Asks: 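Sharing a structure with you now.
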Amino acid sequence: MSKLPSNSDTDYAVVYPSSSPGVLGWLDLWIGRVEAFMLGAGVLLMATNTVANVVGRFVFQHSLFFTEEVNRILIVLITFAGLSYAARHGRHIRMSALYDALPQSWRKVLMIIMCLVTALVMSALAYFSTRYILSIAGSGRVLPALQVPVYWIYIWVPIGLGVTAIQYAMTAWQNLLSDDIYLSTDVKEAHADTVEEASL
Amino acid sequence: DTWRYAFEESLTDVQGEYAKEFKAYIEENSDHSLQLFPYGTLGESADIMEQAQAGILQFVDQSPGFTGALIPEAQVFFIPYLLPENHDELVSFFRNSKAINEDFVDVYAEKGLELLSMFPEGEVVITTKEPFETPDDLNGVKVRVMTNPLLVESYKAFGATPTPLPWGEVYGGLQTNIIQGQENPMFWVESAKMFEVTDVITFTGHNNFTTAVMANKPFFDGLSDDDQALIRDGMKAAFDHIVEYQRGLGERSLEKIKEQKPEIQVNRLTQAQRQPFRDAAQEVEAKFIEMTGERGQAILDQFKADLKAVQQ
Amino acid sequence: MMAWMLGAMIVLLLLGFPMMIPLIVGAMIGFVFMFGGLDQMNFMIQQFMAGIRPASLIAVPMFILAADIMTRGQSADRLIAMVMSFIGHLKGGLAISTATACTLFGAVSGSTQATVVAVGSSLRPKMLKAGYKDNFVLALIVNASDIAFLIPPSIGMIIYGVVSNTSISELFIAGIGPGLLILVMFAAYSVFYAIRHKVPTEPKSSVKERLLAIKQAVWPLGFPVIIVGGIYGGVFSPTEAAAACVLYAVILEFVVFRSFPLASLFAIAKSTGLTTAVVFILVAAGAAFSWIISFAQIPQTLIASLGLADASPIMLMIAICVSFFIGCMFVDPIVVILILVPIFAPLVEAAGIDPVLVGVLITLQVAIGSATPPFGCDIFTAIAIFRRPYWEVIKGTPPFIVMLLVVAGLLIAFPSIALFLRDLAFAD
Ligand code: NA
Ligand code: NA
């Protein structure tokens with residue numbers, strides 16, 4: 001785990017401590033840290049990998065044969081680690097014009113339904129992606145340059161989907177327990193804008 | 001029933017012609033109908049292959065170049081100077097080869113696929129910005145190849161710097177000089193407008209682009225004898241059509257290119273000039289054996305025996 | 001089937017569900033109709049992966065990262081200060097510069113999303129400060145970025161050229177006229193907007209101030225050199241140019257300007273990753289949605305029902321425009337081209353319309369459709385990077401859509417807007 005600079009991006013525990021107490025809270029905190037690490041490391045590795053290929057081509061007259069495949073692995077990692085990270089921070093894109101116009105009590109009910117449906121869809125996808133990976137693993141296909149099995153590219157997919165499902169389920173639960181409306185486990189609706197400022 | 005057939009080129013390219021002819025035959029001679037899915041409409045090569053293996057597509061046309069990861073032996077088609085350069089010999093080889101019509105059928109069956117037909121799409125030419133006659137001339141020239149390990153080996157052996165790129169990036173890559181050459185059958189040089197961004201077309205005679213049509217095996221095995229026969233006959237009809245369509249296709253494409261770009265330079269390497277490339281092919285053959293082991297060796301031996309039979 | 005898919009999508013969208021849910025549920029309904037259940041859902045995952053597979057997509061996070069570093073540091077400010085010293089005193093000058101920068105960057109980088117990020121994140125704060133309203137700024141950035149579809153190199157035109165067997169060089173040249181026409185219209189609208197909303201101008205800079213601004217911007221001027229020179233000069237592919245920009249940005253901000261400690265690079269990378277993920281999950285879900293529509297042959301059925309077999313050329317071109325416009329509202333443009341072009345190609349040939357003109361028209365519709373809700377990668381990118389609500393990002397769009405549709409109409413009426421340059425270049 002790398003040390004994050006304190007003056008920078010908002011972090012799970014910094015602004016809004018995870019609200020679920022005890023072992024679960026601890027687990028949640030660490031899942032959040034792993035997501036954040038994967039996300040940042042994924043982007044930095046992608047940059048390093050692509051730069052190295054350019055340098056290799058100009059300085060050593062040789063492209064790196066694995067650059068494209070490594071980037072393919074990283075883009076999946078970034079997308080699916082980012083999926084749950086964005087869910088945690090309430091950053092997924094939505095069209096909220098109509099929703100915002102509703103009275104508070106309606107919004108709360110709608111938010112709970114929304115979180116439950118999203119959690120359900122995400123867990124279904126987590127299940128299907130596991131099945132897909134198993135079917136690919138069975139076919140024995142390998143990446144031509146790296147010679148690693150193709151399904152390795154996809155390992156983060158069910159994890160990201162599964163964690164996202166849990167995130168939304170927990171948000172639904174939080175909305176049931178509390179008087180406020182939670183956009184995600186870490187972000188209250190009214191605070192959405194404050195968080196934006198804080199993280200810039 | 002409605003059957004689905006996906007392929008890797010657009011409707012007006014060779015694979016599209018083949019598919020249209022097969023569709024016409026099936027729909028004329030039965031109550032079944034066939035939906036065609038050209039390149040990209042259901043995903044890339046590997047995607048449509050998975051869809052065919054799962055049986056949601058009944059037919060798929062996939063070239064051995066892309067099948068390499070799934071069926072390594074299929075890369076035998078990338079060993080340079082293996083296939084005959086003469087059209088009639090080539091056709092006769094595809095019709096009669098035991099390697100194609102028996103051995104490969106078993107290999108594909110292991111992957112849940114019924115191999116129905118293999119056919120040539122046309123002589124592969126290399127288009128570049130500068131002319132070349134020897135492997136030395138290709139030194140430092142970046143030639144785009146499909147993402148296939150054996151093809152990469154071939155171009156290394158030819159003296160060039162092979163650069164695997166997805167085809168969507170080839171035109172732009174040539175235009176901006178990130179690559180300086182590419183290889184493809186003549187019709188593709190014309191239809192994908194490769195001639196607009198390269199200046200020399202070189203006939204090296206090193207290969208003829210091959211492709212394969214297969215069906216999902218459980219689907220095929222579950223059909224009545226009549227339907228199986230219908231499909232086999234449809235494949236034969238499409239093969240006959242494509243053999244005729246192929247005759248002179250390269251020349252027709254070349255004519256079209258010359259009309260649009262009269263200054264294009266066309267080089268046909270002589271047998272003597274081809275010799276160093278032919279010699280380099282030995283390395284590629286060794287690499288093929290290294291990659292595929294005994295099974296590859298067996299297929300290659302049968303392949304050579306079939307070729308001998310045709311060329312006598 | 002289509003009615004159920006669209007109905008569910010629109011309801012979920014309006015209720016404020018995360019945008020991936022309407023797309024995924026819409027696709028799921030399609031799977032149920034096509035396969036009688038969810039047994040084949042593996043292929044939704046396959047298409048998720050296919051959606052984020054193209055190697056050219058790598059340029060997006062790379063340009064986001066470079067832009068993130070530049071805007072948090074000093075490079076972007078210095079570049080803008082230089083431009084402002086020349087055009088700050090002109091009415092609408094900043095808006096015109098923004099539109100031009102989007103067009104140029106998009107044309108060269110080949111990625112409209114990267115353009116939204118790179119140009120938008122540096123110029124939007126400046127425009128807001130100068131007094132432009134946010135919904136105008138956002139709509140301008142998104143729509144001007146999409147002009148890049150028409151200016152070479154354009155991946156949409158390459159795909160159209162291959163599928164329809166049309167000269168790609170001719171398409172490239174034919175796209176320039178309409179592309180510039182759109183830019184001019186956007187510029188005129190910007191001036192009109194600036195006057196009507198009384199956007200204040202800055203005092204005219206002296207020669208000395210301008211020279212100082214240029215001096216300040218010498219290092220950051222390396223970015224346009226890397227991007228324009230690198231790509232057109234054949235040194236880099238767009239993805240590599242993006243990576244080179246990242247390297248250059250790191251060197252400038254962390255070594256030359258020392259804007260912040262190297263340790264903060266990780267936080268910037270994380271924010272880049274978040275922006276990328278939020279957009280790419282929609283690209284992935286969009287690919288699955290497109291796939292099931294393609295598999296069910298819905299476009300073929302719809303277009304067959306139009307009965308275009310003996311339509312006049314004008315009618316046919318209008319039908320093409322409408323089909324592509326609607327298609328690109330919901331589906332990724334490349335897929336729309338791959339599916340629809342083969343359907344229309346025989347009709348176009350029979351009607352004797354120049355395929356180059358059709359290609360330009362289609363590319364224009366692709367540009368319009370990409371900026372048109374609900375599905376639009378550039379809209380998503382703008383939402384993710386600027387953190388503005390969906391509604392606010394699209395609110396200012398209508399005037400731009402109208403201008404673009406006017407250009408489409410002009411093209412149909414006066415094909416020489418596109419074909420003039422082509423005929424000049426390819427005259428025998
Ligand atoms: Na462009
Ligand atoms: Na759209």
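Residue numbering restarts at 1 for every chain, and letters A, B, ... go by the order of the sequence lines. From a predicted model like this one, the values you see are computed outputs, not experimental measurements.
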Asks: Please report the shortest heavy-atom distance between C/Ala269 and A/Gly40, naming the atom on each side.
Replies: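 C/Ala269 and A/Gly40 have their closest heavy atoms at CB-O, 3.6 Å.
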Asks: In the structure I gave you, are the side-chain heavy atoms of C/Phe236 and A/Val54 within less than 4.5 Å of one another anywhere?
Replies: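 C/Phe236 reaches A/Val54 side chain to side chain.
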Asks: Could you check if a side-chain atom of A/Met122 sits within less than 4.5 angstrom of a side-chain atom of C/Met20, using non-hydrogen atoms only?
Replies: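 When only atoms from C-beta onward are counted, C/Met20 and A/Met122 do touch, with a gap below 4.5 Å.
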Asks: Measuring heavy-atom distances to chain A, does C/Leu282 have an atom under 4.5 Å in its side chain, in its backbone, in both, or in neither?
Replies: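 Side chain of C/Leu282 only, per the 4.5 Å heavy-atom cut-off to chain A.
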Asks: List the steps and the verdict of side chain to side chain contact (heavy atoms under 4.5 Å, CB included) for A/Tyr99 and C/Leu14.
Replies: CA-CA 8 Å; A/Tyr99 170 92; C/Leu14 288 179; over 6 Å; no
Asks: Quick check on C/Phe48 against chain A: is it the side chain, the backbone, both or neither that has a heavy atom closer than 4.5 Å?
Replies: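 The side chain, not the backbone.
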Asks: Might you point out which heavy atoms bring A/Ala86 and C/Val278 nearest each other, and give the distance in Å?
Replies: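 Shortest heavy-atom contact: CB-CG2, 3.7 Å.
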Asks: Rounded to the nearest 0.5 Å, how far apart are CZ of A/Arg91 and CG of C/Leu274?
Replies: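 Reported value, rounded in 0.5 Å steps: 4.5 Å.
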Asks: Is there a side-chain contact between A/Tyr132 and C/Met44 in this structure, where contact means two heavy atoms from C-beta onward sitting under 4.5 Å apart?
Replies: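 A side-chain contact is absent here, since even the closest heavy-atom pair is not under 4.5 Å.
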Asks: In terms of heavy-atom pairs under 4.5 Å, which option from C/Met28, C/Arg53, C/Glu392 contacts chain A the most?
Replies: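 Ranked by contacts with chain A, first place is C/Arg53.
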Asks: Identify which part of C/Ile24 has an atom lying under 4.5 Å from any heavy atom of chain A, answering side chain, backbone, both or neither.
Replies: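 The side chain, not the backbone.
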Asks: Let me know if A/Ser135 has heavy atoms under 4.5 Å from chain C in its side chain, its backbone, both or neither.
Replies: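 For A/Ser135, the side chain is the part near chain C, not the backbone.
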Asks: Check whether any side-chain N or O of A/Arg94 sits under 3.5 Å from a backbone N or O of C/Gly16 as a donor-acceptor pair, and report yes or no.
Replies: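 Yes; judged by distance alone, with no hydrogens or angles, the pair exists.
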Asks: In the structure I gave you, are the side-chain heavy atoms of C/Phe17 and A/Val121 within less than 4.5 Å of one another anywhere?
Replies: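 No - every pair of side-chain heavy atoms lies 4.5 Å or more apart.
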Asks: Which bit of A/Phe80 is near chain C, if near means a heavy-atom gap under 4.5 Å: side chain, backbone, both or neither?
Replies: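 Contact with chain C: side chain only.
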Asks: Which bit of C/Met49 is near chain A, if near means a heavy-atom gap under 4.5 Å: side chain, backbone, both or neither?
Replies: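 It is the side chain, since no backbone atom gets that close.
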Asks: Would one find more than 12 heavy atoms of other residues, nucleotides or ligands at under 6.0 Å from atom CD of A/Glu68?
Replies: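 Incorrect, the count does not exceed 12.
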Asks: Any idea which of C/Ile281, C/Leu247, C/Val246 has the most non-hydrogen atom pairs under 4.5 angstrom with chain A?
Replies: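 The residue among C/Ile281, C/Leu247, C/Val246 with the greatest pair count is C/Ile281.
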Asks: With rounding to the nearest 0.5 angstrom, report the CG to CD1 distance, A/Asn71 to C/Ile58.
Replies: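 A/Asn71 atom CG to C/Ile58 atom CD1 measures 4.5 Å (nearest 0.5 Å).
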Asks: Find out whether A/Met114 and C/Pro18 are in side-chain contact, i.e. whether some heavy atom of one side chain is under 4.5 Å from a heavy atom of the other.
Replies: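 Yes, their side chains come closer than 4.5 Å.
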Asks: With only heavy atoms counted, which part of C/Ile21 is less than 4.5 Å from chain A, the side chain, the backbone, both or neither?
Replies: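 Only the side chain of C/Ile21 comes within 4.5 Å of chain A.
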Asks: Between CG of C/Leu13 and OG of A/Ser96, what distance do you get to the nearest 0.5 Å?
Replies: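 Atom-to-atom, C/Leu13:CG and A/Ser96:OG are 10.5 Å apart.
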Asks: CD1 of C/Ile52 to OG1 of A/Thr79: how many Å apart, nearest 0.5 Å?
Replies: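 Between C/Ile52 CD1 and A/Thr79 OG1, I get 4.0 Å after rounding to 0.5 Å.
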Asks: What is the distance from atom CG of A/Leu44 to atom CZ of C/Phe266, rounded to the nearest 0.5 Å?
Replies: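 Taking CG in A/Leu44 and CZ in C/Phe266, the distance rounds to 6.5 Å.
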Asks: Which heavy atom of C/Ala277 sits nearest a heavy atom of A/Gly82, and at what distance?
Replies: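 Closest approach of C/Ala277 to A/Gly82: CB-CA, 3.4 Å.
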Asks: Report which part of C/Gln46 has an atom under 4.5 Å of a heavy atom belonging to chain A: side chain, backbone, both, or neither.
Replies: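 The answer is both parts of C/Gln46.
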Asks: Given a strict heavy-atom distance threshold of 4.5 Å, which part of C/Val25 is in contact with chain A: side chain, backbone, both, or neither?
Replies: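 The answer is the side chain of C/Val25.
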Asks: Quick check for you: among A/Ile93, A/Ile136, A/Val43, which has the greatest number of heavy-atom pairs under 4.5 Å with chain C?
Replies: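 Result: the option with the highest number of such pairs is A/Ile93.
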Asks: Please examine the side chains of C/Asn42 and A/Ser129, heavy atoms only from C-beta on, and report whether any two atoms are closer than 4.5 Å.
Replies: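 Contact flag for A/Ser129/C/Asn42 side chains = no.
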Asks: I'd like to check A/Arg131 versus C/Ile45 (side-chain heavy atoms, cut-off strictly below 4.5 Å). Are they in contact?
Replies: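 Side chain of A/Arg131 against side chain of C/Ile45, heavy atoms only: no contact under 4.5 Å found.
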Asks: Over all heavy atoms of both residues, which pair between A/Val51 and C/Ala243 is shortest? Give the atoms and the distance, please.
Replies: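 Looking at all heavy atoms of both residues, the closest pair is CG2-O, 3.5 Å.
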Asks: Roughly how far apart are C/Thr239 OG1 and A/Met46 CE, rounded to 0.5 Å?
Replies: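 Between C/Thr239 OG1 and A/Met46 CE, I get 10.0 Å after rounding to 0.5 Å.
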